[in-house]
Amino acid sequence: MLSPSKQMDFFMANPDRKITANFWLSELTHSNTAVRLGINNTPTEQHEKNLVEACKNLWQPMRELLKKPVSISSGYRSCLLYTSDAADE
């Protein structure tokens with residue numbers, strides 16, 4: 001078993017990975033606007049750690065409590081995407 005530090009290193013090296021039983025990093029960072037405008041929506045290391053923590057401690061437990069799928073429509077937006085006029089479209 002990997003130490004918590006080694007686990008985080010593994011996560012950072014695998015951008016399209018399953019974080020919990022029902023959540024993938026790619027679904028939390030996908031943005032149609034970013035794709036359309038060619039904006040890089042890759043989270044920083046700290047933002048990615050925050051997404052992992054939110055999945056483990058908030059969204060996955062919520063899904064299990066509700067016993068229904070949960071859709072996170074905007075898990076992460078890069079600063080450039082967030083400040084672009086098109087982000088409001």
Query raised in the report: For the hydrophobic clusters of this structure (ILVMFWY residues joined by side-chain heavy atoms under 4.5 Å, transitively), does one cluster hold both Met62 and Val52?
Result: yes
Query raised in the report: Got a salt bridge between Glu48 and Arg17, using NZ or NE/NH1/NH2 to carboxylate O under 4.0 Å?
Result: yes
Query raised in the report: Side chains of Ile19 and Leu28: does their closest heavy-atom pair fall under 4.5 Å?
Result: yes
Query raised in the report: Looking only at heavy atoms, which two atoms of Leu51 and Leu25 are closest? And how far apart?
Result: CD1-CD1, 4.0 Å
Query raised in the report: Would Leu37 and Leu80 show up in the same hydrophobic cluster when neighbours are defined by side-chain heavy atoms closer than 4.5 Å?
Result: yes
Report task. Flag the pair Ser31 / Arg77 as yes when at least one side-chain heavy-atom distance between them is below 4.5 Å, and no otherwise. Result -> no
Query raised in the report: Going through the distances and angles, do Thr29 and Asn41 end up as a side chain to side chain donor-acceptor pair (under 3.5 Å)?
Result: CA-CA 7 Å; Thr29 60; Asn41 198 45; 5.5 Å; no
Report summary line: Nearest heavy-atom contact between Thr44 and His47 is OG1-ND1, 2.9 Å
Report summary line: Smallest heavy-atom separation, His30 atom then Val35 atom, equals CE1-CG2, 4.0 Å
**Report entry** Spatial distance of atom OH (Tyr76) from atom OG1 (Thr42) [nearest 0.5 Å]
**Finding:** 8.0 Å
Query raised in the report: How far apart are the closest heavy atoms of Phe23 and Gln60, and which atoms are they?
Result: CD1-OE1, 3.4 Å
Query raised in the report: Does a side-chain N-to-carboxylate-O contact under 4.0 Å join Lys49 and Glu45?
Result: yes
Query raised in the report: What distance separates Asn22 CG from Arg63 CZ, expressed to the nearest 0.5 Å?
Result: 3.5 Å
Report task. Would you name the heavy atoms of Cys55 and Pro61 that are closest together and state the gap between them? Result -> O-CD, 3.7 Å
Requested in this report: Indicate yes or no for a side-chain donor-acceptor contact from Ser78 to the backbone of Asn40 under 3.5 Å, with no hydrogens or angles considered.
Outcome: yes
